[in-house]
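Structure first, commentary second.
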2 protein chains.
Amino acid sequence: MSDVIFDHKECGSCPIRHRAVCARCETDELEELDAIKYYRSYEAGQPIVWSGDRMDFVASVVTGVASLSQAMEDGRTQMVGLLLPSDFLGRPGRDVAPYDVIAVSNLTLCCFRRKPFEQMMIRTPHIGQRLLEMTLDELDAAREWMLILGRKTAREKIASLMAILARREASLGLGSTENGMSFELPLTREAMADYLGLTLETVSRQISALKRDGVITLEGKRKVLIPDFDRLQIETGDDTDGGLMV
Amino acid sequence: MSDVIFDHKECGSCPIRHRAVCARCETDELEELDAIKYYRSYEAGQPIVWSGDRMDFVASVVTGVASLSQAMEDGRTQMVGLLLPSDFLGRPGRDVAPYDVIAVSNLTLCCFRRKPFEQMMIRTPHIGQRLLEMTLDELDAAREWMLILGRKTAREKIASLMAILARREASLGLGSTENGMSFELPLTREAMADYLGLTLETVSRQISALKRDGVITLEGKRKVLIPDFDRLQIETGDDTDGGLMV
DNA sequence: CGACTCGTTGATGTTTATCAATGATTGTGG
DNA sequence: CCACAATCATTGATAAACATCAACGAGTCG
């Protein structure tokens, strides 16, 4: 049921070919990557690695969503990364995972054995260059997230999360309808709480409040409609104008 | 009084030579960097760039401390980076600053004009490799910080900050005395508040509480003594054992 | 059907923010 | 040199935001 091993697939038809760590690779480089890659799938909710585990691979997310999180001894948990398709998992040169990694939705990874990948990175600047670019983007995202965690109200936090998810959907060319934007929430209330540094009750209450105020509409518990994105943007507390909407 | 332009200095005698973005460069590469570098100094409190400003240079912090922070329209501010000696400022390929950068203490930067630096990065893999390593370290630090912001109590936040600063001092081989560890606080109460997502009053109260409970001792307002680091570590709420004390 | 997960909502409690006063220190101009 | 302003820090009183504890509804799986 779990850990289905996918068949080999061609890089040429890969949905993340042009955004993942291999984005800049030439044909010959792709062939080399091809030789050390293998696919691996997980069902929603399954753990991928635990903090402290040895990790012998790095990977790209092909489909689905994974979370990185840190847990304190008493159970308090903070999500510190949300990996979407094309995002990279693992750190070359490090063999022990510093975070818990969990499949939030059904997930497929394109894995590379770590040692060969590291050796290839030395020979292939395109990989390191792309990884640097992706890591800098992640750092920017982490810093935006720090503002959310440190300074925003519960309502602003929820609005910010909705805006981030809506923008992502839009950047993939999806979700726009005649009545505004829409997307599927990939996270449970508890996962949203761990993302935002709130309790799940507060998440639930604030979602209800935004719904009551007409900022969002729910279809079922997971499908979100944004009738007016500018209105949502105002609720996030962020600059509406000038700022670099990262 | 401000913006003193330092004289040219030799890379060979540079205090951050082996930790900064140039750490892996060979002699000839250093000479090339030398040709595009210039020093620049700022006094404590001075702005270096504002969010939205054009930024035509990247730089290494040589001495002193700088902060990156994000401000909301109503004045709420979150620090999102603290740059210490050897840390890198700026992003190759980006010409507009996304954060306010402020000199927290007196500060000297080793600046490189951005365009020549970017061209050199293409020719010189050592620079990109080192920058990737440093960026990954910063991302780890940002994620530890996210746990602090999202899930720790005010007391744990203060204890965590003290522990981070004490560890840094120790990693430079400084601060250890017969009565434990000591260091100078580089931040005002307000800057600590912006770092930790608190108000300055709460920072002040929690410092007083830790002092009252004997976890720390103050000499003046800025010099901190840690009589028992393990005790402080417990106050941070982090794993005392196992965890990778990053 | 009963157990389980996920989500919602209410009542209450705790933590931290806000507002306000004051002390200590430093720099400035008369 | 002193009076004054300005900055940084501390502490108290009160208010607001969010967490905690608790009950319950809806959907799903065995």
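Below, read A as the first sequence line, B as the second, and so on, with proteins coming before strands; counting in each chain starts at 1.
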Under 4.0 Å, heavy atoms only, any strand: does [X] hit a base, just the sugar-phosphate, or nothing?
X: B:Arg155; result: nothing
X: B:Ile207; result: nothing
X: A:Arg76; result: nothing

Under 3.5 Å, N/O pairs linking protein and nucleotides 21-27 of chain D:
unit_1: D:dC21; atom_1: N4; unit_2: A:Glu201; atom_2: OE2; d: 3.1

Between [Y] and [X], is there a salt bridge with N-O shorter than 4.0 Å?
X: A:Asp74; Y: B:Arg151; value: no
X: A:Lys211; Y: A:Asp213; value: no
X: B:Asp87; Y: B:Arg19; value: no

Whole angstrom is fine here: how far is it from [atom1] in [X] over to [atom2] in [N]?
X: B:Gln206; N: C:dT14; atom1: CD; atom2: C1'; result: 13 Å
X: B:Lys211; N: D:dA9; atom1: NZ; atom2: C1'; result: 10 Å
X: A:Glu156; N: D:dA16; atom1: CD; atom2: C1'; result: 14 Å
X: B:Leu149; N: D:dC18; atom1: CG; atom2: P; result: 15 Å
X: B:Ile158; N: D:dT10; atom1: CD1; atom2: P; result: 10 Å
X: B:Leu198; N: D:dC18; atom1: CG; atom2: P; result: 14 Å
X: B:Glu43; N: D:dT7; atom1: CD; atom2: P; result: 16 Å

Side chains of A:Pro47 and A:Asp100, heavy atoms from C-beta outward: is any pair under 4.5 Å? no
Taking C-beta and beyond as the side chain, do A:Lys157 and A:Thr236 meet within less than 4.5 Å on heavy atoms? no
[X] [atom1] to [Y] [atom2] distance, which is reported to the nearest 0.5 Å:
X: B:Leu198; Y: B:Lys152; atom1: CG; atom2: NZ; result: 12.5 Å
X: A:Leu89; Y: A:Met55; atom1: CG; atom2: CE; result: 4.0 Å
X: B:Asp137; Y: B:Met134; atom1: CG; atom2: CE; result: 8.0 Å
X: A:Leu109; Y: A:Ile48; atom1: CG; atom2: CD1; result: 5.0 Å

Between A:Trp145 and A:Tyr195, does the ring centre distance come in under 6.0 Å? yes
According to a strict under-4.0 Å criterion, is [X] in side-chain N/O contact with OP1 or OP2 of [N]?
X: A:Arg222; N: C:dG7; value: yes
X: A:Thr199; N: D:dC18; value: no
X: A:Thr202; N: D:dA17; value: no

Tell me if a side-chain donor or acceptor on A:Asp228 pairs with a main-chain N or O of A:Asp230 at a distance below 3.5 Å. yes
A:Gln78 side-chain N/O to A:Asp194 backbone N/O, donor-acceptor pair under 3.5 Å: yes
For the helix from C:dC1-D:dG30 to C:dG30-D:dC1, how many degrees between its two end axes (five pairs per end), to the nearest 10°? 30°
Sorted by number, the residues of residues 186-197 of chain A with heavy-atom contact under 4.0 Å to DNA chain C: A:Thr188, A:Arg189
A:Ser208 side chain, from C-beta outward: closest of C:dT8, D:dT10, C:dT16: C:dT8
